[in-house]
Amino acid sequence: MEINRRAALAGVLASASSLGACTSSGNADGPYPSRDITFIIPVGAGGGTDIYARLIGEGMEKHTPHPTNIIPMNIASGGGGKGITQLFRAPPDGYTVGIMTIPGIFTLQKVRRMPYDLSRFSWLGAVTQGENFGLAVGARSPLRSIGDLQDLARKREITFAASGPEGTAYSATQVSAQMLGLQYRMITGYRGSNDYITGAMRGDSDAVIAALSSIRRLQDGGALRVLASFELESTFPNVPGARELGQPDLAMITAERVIAGPPGMTDELRATLSHAIVQAASDPNVANWANRIGERLNPRDGEAATALVEEMRAFFDRWDIA
Amino acid sequence: MADWVAGFQSLLGFEEILYLSLGIAIGLFVGVLPGIGGTTALVLLTPFTFSLEPVQAFALAAGIMGSTSMGGVVTAILLNTPGQTANAVTCLDGFPLAQQGKAGYAIGAAASSNALGGMIGIISLLAIMPLAGQLVMAFGPPEFFLLAVLGLVLVATTARGRMFRALITTAFGLALATVGFSDVTGQERFTFGNEYLWDGVHLAPALIGLFAVAEMVQLTVKGGSVAKAGAPAAITGMFDGLMASIRNWGTLLRGSVIGTVVGIIPGIGGTVASFLSYGITVQSAKDPETFGKGNIKGIIATEAAINAKDGSMLIPTLAFGIPGSAEMAVFMTILVLHGMQPGPLMMMQNQVEIYGLIWALTAACVISAAVGIFLARPLAKLTRIDVQLLAPVIIAVGFVGSYAIDLSIENVLITAIFGVIGYVMIKFDYPRLPLVIAIVLGGIAERNFHQSMMMSDGDLSMFLGRAVSVVLLVSIALSLLAPNLKPLRRAAAMRRAAGGERFKRKIGG
Amino acid sequence: MKSLWGVPFYRYLPAAILLVAAIVYFVTSLGYNPDARLFPLLIGATLLALLPLDLVAISRTSIGDKIRVWFNPADATPDEKDEEEERPLKRHVQALLFVFLLIALMYLCGILAAIPIYVASSVRFLGGRSWPIALIMAVSVGLSCYVLFTVALQTDLYPGILFN
């Protein structure tokens, strides 16, 4: 994806001309949106979720009733807890939204006892289809198949490298290991997916459970060997999928990125932002990027997003995630 | 070979050179300002890079990354105020030289070490690249832990004559590093309910307080100007300074190699490279007690390491997508925004861009060093300015910078508190550098220790089973013993000499 | 000036305060779960061991001298400190208070307003220079910050509670 200069310039001009149409600062009495919208990103600059959020934000700018600026704000403190808390406490006037990764925030709340209540956020929409996960080992590992791993697990605990509780890998690893009936032990505290996957490559842990796009990229590069895909039907040759493994629910383990607003937003505001999000999916930059990275677009509005969050929460609640 | 050349050629366009120069100017400026570093500059400019072609974006980023160090060196030497965290080590010998009126000499040496260290770093980088994969794979959590311990030991033992106080400050820094959410256990520690402290004591605001503010308060109280009365008035010796790096080529080379190696290992960072180099230089010197008082080798070792690591830090970032520092993390964003995903594939597919980036970095390094030399004379006049005018400006800018890092007003309070702490530390003779280093290393040490224990299921002997760990353990042991050996040898020598005297007197009747 | 073991009382303060903090730190760590408290306990224990020794080392007693020498192997004689005239305590406190003045102003009036006020006051009252100079400096620093941050970098500087 290349954001070419003409598009950016056009964007700048459009925003500038919108200044004439609506006042862009401080006039709270004007029609919505009459000033910049803050987009809280609870991860550090750089990395998948950050870029995702920035692109969606840009896409949304063009589909609000009045053109406005969406200002991304990285608040990564406390594993993202601070940003999410800030979103939770913001006034529900439509000028603050944020992006969250499910199931990361469920675990974060449980393990770190955060002061927000996930059931009360105003879920506004999602753009991409959540990715499936898979299980892989480093290329130097002696394990050649999922059967080998299961044999090993009968003799001793398997170690998995994963992020801290705020990352999806943390819960994904525990749930899938339990589903596969493996004796396991976590090696946590890695900072980000690149870090823990490298840990597995290096041999810090026996295996790793990560998003399939990362696994695919590294297998192509010769660094990893995938042993199992959690897709219903595996798209990797000679590698079993969830159904074949006898655990179709593995396909429910996905990292979903959902956009939300503070509790208490009016239906009207939610509908407006929902619309902007869904329309953002048709932005060429977003489509380009999704193509490059291997993400599938599946725009969902506020209602669908709320249902999704509920479904995922019910699923993850069934498992023992320490 | 073609890619190497193509990379260079990609930089020869007018716009590319323009962005490179812009980056260098920004980098120098930002490097001088205490607290605002390359990272902040890159973050603020990321949106701007959206609209640029990849090569141009790289030229801009490389310009910034390669020149912040030179900016930071100047304030470190002239005002004992590091512009960047890594330059805190440069202050140790740089500032005493400025006080002795030898600021020009110091800046000259810093500039040439900057340029030469950077170039040696790039060359080593190109040489090591094939091995880089194995090097990254050889360093896991146990090695990171031991490396952090080695760093802490070096810091404590190189505070000449104040090792005891350095130990205390180090422990204090380690304690500060434990504030916040534990990476590994998720436990909230020592925050006493304060959300701002969730990530612990923010390092950059604390650094600004400890060094910039504390130094300026010290100057205000003392009065006069930075350069002591009686120090020579003209800025001379810059040429000597330039030549000093070449004359001390051993130190330069060693510093560059250390910087290169440390840079390749992700997660360690520039500050560690700078004082590992300094510490090792001091320990292997024949006259260690001259360090900290204006030994030019101190500057050469530090600056060579800082600049060498700039190039090698690209390796883990590009090859594995593991940024070795915050600056690299932001740089990675810029990469991905331009459609390049770091990883083994990128190393194979985007060779031209990568070489272009490396060339841009080299150019930035050398050009900023040259500009630094030009600016040295006017900037050195700062040491002559009345501190009552200079100090409020630096303090004000420091606080603004502290806020600007992440737009948190609490940073300002941290800076003020650490300003007081820093001032007390100056007055009561507690070294500040170990504090800073300990805050940086404490987190790395703890996280990697716990990860090592998770790997071995609590078995401490796991460190002995890994080759690199054993090497590090031996290094730690040597570093602990070394400072004790020299005085013992000297005492023994003195005793022998005294014994000889007595013997002579006996014979003499 | 009260003395304790041959040395003015205030010389013990930093180490003493740090010792109290270390005790609080150590006791607080005991309440955390085993993994989380391992490092804090080790660090706390180290501080609790070193700080009392430091307090003794400060004093001019024979034990104090022995500790000082033993723990600082690099040189047996302490550094020759510059013989600066000791400034009155008032001066130190004033200088530090001005820093807190600055942050108070920042919190209340915002950064852009606080800077000129602080620079002017510091140059005039702390530094004893004349009003014209103080004002020139205040304006130039304030203006530079405005141009650099608000205009060039498009970064809004904190507006302060009063004007928010």
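Order of the sequence lines sets the chain letters (A, B, ...), proteins ahead of strands, with each chain counted from 1. The shown structure was predicted, so the numbers you read here are calculated from the model rather than taken from an experiment.
- Only the side chain of B:Gln187 comes within contact range of chain C, with at least one heavy atom under 4.5 Å from a heavy atom of that chain.
- Considering every non-hydrogen atom in both C:Leu38 and B:His450, the closest pair reads CD2-CE1, 4.1 Å.
- Atom CZ of residue C:Arg11 and atom NZ of residue B:Lys427 lie 9.0 Å apart, to the nearest 0.5 angstrom.
- With values rounded to the nearest 0.5 angstrom, C:Asp35 atom CG is found 7.5 Å from B:Met454 atom CE.
- Closest heavy-atom contact between C:Ile43 and B:Ala171: CG2-O, 3.3 Å.
- Both the backbone and the side chain of C:Tyr32 come within less than 4.5 Å of a heavy atom of chain B.
- Using a 4.5 Å cut-off between heavy atoms, B:Phe181 makes no contact with chain C at all.
- When side chains are defined from C-beta on, C:Ser122 does not count as touching B:Met216, because their heavy atoms never get closer than 4.5 Å.
- Of all the listed residues (C:Ala95, C:Gly127, C:Ala36), the one sharing the greatest number of non-hydrogen pairs under 4.5 Å with chain B is C:Ala36.
- B:Tyr430 and C:Asp54 form a side-chain donor-acceptor contact under 3.5 Å, judged by distance and modelled atom types alone.
- Heavy atoms of B:Tyr423 lying under 4.5 Å from chain C belong exclusively to its side chain.
- Remark: the B:Thr178 side chain and the C:Tyr25 side chain contain an N/O donor-acceptor pair separated by less than 3.5 Å.
- Atoms CD1 and CD1, on C:Ile111 and B:Ile409 in that order, are 5.0 Å from each other to the nearest 0.5 Å.
- With a 4.5 Å cut-off on non-hydrogen atoms, C:Ala21 does not touch chain B at all.
- Both the backbone and the side chain of B:Val420 come within less than 4.5 Å of a heavy atom of chain C.
- With rounding to the nearest 0.5 angstrom, the OG1 atom of B:Thr169 is 9.5 Å from the CG atom of C:Leu47.
- Summarising the local packing, OH of C:Tyr107 is surrounded by more than 12 heavy atoms from other residues, nucleotides or ligands at distances under 6.0 Å.
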**Request:** Apply side-chain contact (heavy atoms from CB on, under 4.5 Å) to B:Val400 and C:Met106, showing your working.
**Result:** CA-CA 9 Å; B:Val400 177; C:Met106 280 187 171; 4.3 Å; yes
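- Within the 4.5 angstrom heavy-atom criterion, atoms from both the backbone and the side chain of C:Val123 approach chain B.
- In this structure, chain B has a heavy atom under 4.5 Å from the side chain of C:Leu18, while its backbone stays farther away.
- Taking the side chain as every heavy atom from C-beta outward, C:Met137 and B:Pro392 never approach each other to under 4.5 Å.
- C:Arg129 contributes no side-chain N or O that, together with a main-chain N or O of B:Gln388, makes up a donor-acceptor pair within less than 3.5 Å.
- Residues B:Phe190 and C:Ser29 form a side-chain contact, since some pair of their non-hydrogen atoms from C-beta on lies under 4.5 Å apart.
- For chain B, the nearby part of C:Leu102 is the side chain; its heavy atoms alone come within less than 4.5 Å.
- At a 4.5 Å heavy-atom cutoff, the contact between C:Leu50 and chain B is made by backbone and side-chain atoms alike.
- Both the backbone and the side chain of B:Val412 come within less than 4.5 Å of a heavy atom in chain C.
- In this structure, the separation between CZ on B:Phe172 and CG on C:Leu51 is 10.0 Å, given to the nearest 0.5 Å.
- The distance from atom CD1 of C:Ile58 to atom CZ of B:Arg165, rounded to the nearest 0.5 Å, is 5.0 Å.
- Heavy-atom pairs under 4.5 Å with chain C peak, among B:Val217, B:Thr220, B:Ile168, at B:Ile168.
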**Message:** For B:Ile395 and C:Tyr118: C-alpha separation, side-chain torsions, deciding distance, then whether side-chain contact (heavy atoms from CB on, under 4.5 Å) applies.
**Reply:** CA-CA 10 Å; B:Ile395 292 179; C:Tyr118 162 75; 3.4 Å; yes
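- The six-membered or imidazole ring of C:Tyr158 lies away from that of B:Phe399, with a centre-to-centre distance of 6.0 Å or more.
- Counting heavy-atom pairs closer than 4.5 Å to chain B, the top-ranked of the candidates C:Thr46, C:Leu96, C:Val119 is C:Leu96.
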**Audit row: B:Phe164, C:Leu53, side-chain contact (heavy atoms from CB on, under 4.5 Å) steps and yes/no** = CA-CA 9 Å; B:Phe164 188 57; C:Leu53 286 176; 3.5 Å; yes
